[in-house]
Amino acid sequence: MANIQRAILSWYDQNKRELPWRTSKNPYFIWISEVVLQQTRVEQGAPFFYRLISVFPSIEDLAAADEKDVLLAWKGLGYYSRARNLHKAARQIMEMHGGVFPTNHTELIKLAGIGGYTAAAISSISFNEPVAAIDGNVIRIVSRLLDLPGPVESAQTAKVIKEFANEILSKNRPGDFNQALMDLGSLICTPKSPDCLECPVMEVCIARANNSQHLRPVKKPKKKAVNRFLIFKIIINQGKILMVQQQKGSIWENLHLFPFDELPSEEAFLSELARENKVLMEPSLHVLSHQRLNYAVLISENKPPITHGNWLTPDEIHDLPTPILVPRILTHIENQLAPLF
DNA sequence: AACGCGGGGTG
DNA sequence: CACCCAGCGTT
């Protein structure tokens, strides 16, 4: 175990990535980076990290902000509950800890949006607590080192991974070691075609010995994405557009969207569009992880009985927390209907 | 244990 | 197309 640990730390010291959040161990910045990077690639998250620490330089700033402004800074990154929980946790830290960041895994995991991984990352990097931060990279690396045949989602396999990760963890440099595994997973032990010949622990990797590295990790089959068919309605009145805030429990909870109809099938969707002559955008596809949104955009002049919603100018809509779909459609509209605005 | 939750990159 | 990404909260 000590050999594995030394080999990985030594590799890290020579090959670690220079990342924006690695210039400081301030737990506030580490926290922001970790939440941004949940299920998000480094290249995609980095601009949002800069934006967030620029708009909210301290935990006091974040706690004092309106949730709307946190969501606005988050606009375009996805998984918006992360932004709501970030804001909520900032207030929890102000109220429950007097604005002082909790310094250990047990306290951190109680905060909104901080689970086992994020608590381990913050406590190890900022406070030197020896606890393994197990993310997708670590799961992949350990499942290969041990050549684990069971699905990594199962509690059994997860336990094996957790115990092994904590066993090889450097107790002197836990933060560095956790980040070393992530860099190793990102640069060498990649999901497809891992670069085993460059791996510092090639000799002890059982999957490598069995030539099964491409079969690891074993994962349970995922549910197929479902198709949905949406027709967005651009309802304009005196240069203002009607926007509706989404309800709790729906996709894009709390975010603002053009009012839309959902059609039950592709046939209904297409026949509805064929009946319309006010189509602004031909059918397009917006792919999410678990659903495929087929959507079209049309101008609706007749005023349906909308009881809730806000009439807003394009500029005001750009400053609204919305899914990325909205600014895209809005730009399209502004180009086509410039005289109206 | 299963599911919902975004958006983008890659082979 | 499928798969994955510095996961978490809810059921």
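Below, chain A is the first sequence line, B the second, and so on; all start at residue 1. All values reported here derive from a predicted model rather than from experimental measurement.
One finds a salt bridge joining A/R17 and A/D183 here, because a Lys/Arg side-chain nitrogen approaches an Asp/Glu carboxylate oxygen to under 4.0 Å.
A/F101 is linked by a ring pair (Phe, Tyr, Trp, His ring centres under 6.0 Å) to A/W31, counting only residues two or more places apart in sequence or in another chain. For A/E107, the side-chain hydrogen bond (donor to acceptor under 3.5 Å, both in side chains) partners at least two apart in sequence or on another chain are A/K110. With sequence neighbours excluded, no residue satisfies ring pair (Phe, Tyr, Trp, His ring centres under 6.0 Å) with A/W11.
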(request) For nucleotides 4-11 of chain B, just jot down a letter per nucleotide in 5' to 3' order: B, S or -, based on protein non-hydrogen atoms under 4.0 Å. (result) SBBBBB--

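Protein atom CD1 of A/I122 is 13 Å distant from nucleotide atom C1' of C/dC8, rounded to whole Å. If you take CD1 of A/I30 and P of C/dA6, they are 16 Å apart, rounded to a whole angstrom. A/L111 has its CG atom 12 Å from the P atom of C/dC8, to the nearest Å. For A/Y117 and C/dC5, the OH to P distance is 12 Å, given to the nearest whole Å. Here C/dA6 presents its C1' atom at 8 Å from CZ of A/R17, a figure rounded to the nearest Å. Across the protein-nucleic acid pair, A/L187 atom CG and C/dC5 atom P stand 14 Å apart, rounded to whole Å. A/K248 has its NZ atom 14 Å from the P atom of C/dG9, to the nearest Å.
Using a 4.0 Å heavy-atom distance criterion, A/W21 is classed as a base contact. Among the protein residues, A/A112 comes within range of the sugar-phosphate backbone only, with heavy atoms under 4.0 Å from sugar or phosphate atoms but none that close to a base. Residue A/V35 is out of contact with every strand shown, counting any heavy-atom pair closer than 4.0 Å. Base contact: A/L19 has a heavy atom under 4.0 Å from a base atom. Residue A/G45 is classed as having no contact, given no heavy-atom separation below 4.0 Å to the nucleic acid.
At a threshold of 4.5 Å between non-hydrogen side-chain atoms, the residues A/P314 and A/K240 do not count as touching.
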(request) Decide yes or no on side-chain contact (heavy atoms from CB on, under 4.5 Å) for A/I241 and A/L330, but give the supporting numbers first. (result) CA-CA 10 Å; A/I241 301 173; A/L330 191 58; 3.9 Å; yes

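Taking the six-membered ring for Trp and thresholds of 30 and 60 degrees, A/W21 and A/F49 have ring planes more than 60 degrees apart, a perpendicular arrangement.
A distance-only check finds a donor-acceptor pair linking the side chain of A/T40 to the backbone of A/Q38 [under 3.5 Å].
Here the separation of C/dG9 from B/dG8, taken at their P atoms, is 24 Å to the nearest Å. B/dC3 sits 24 Å from C/dA6 when the P atoms are compared, rounded to a whole Å.
Residues from residues 137-167 of chain A that place a heavy atom under 4.0 Å from any atom of DNA chain B, listed by number: A/S154, A/A155.
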Let me check something: any side-chain donor-acceptor pairs from residues 69-79 of chain A under 3.5 Å, sequence neighbours excluded? List them with distances.
residue: A/W74; atom: NE1; partner: A/G78; partner atom: O; Å: 2.9
residue: A/K75; atom: NZ; partner: A/H318; partner atom: O; Å: 2.8
residue: A/K75; atom: NZ; partner: A/L320; partner atom: O; Å: 2.9
residue: A/K75; atom: NZ; partner: A/T322; partner atom: OG1; Å: 3.4

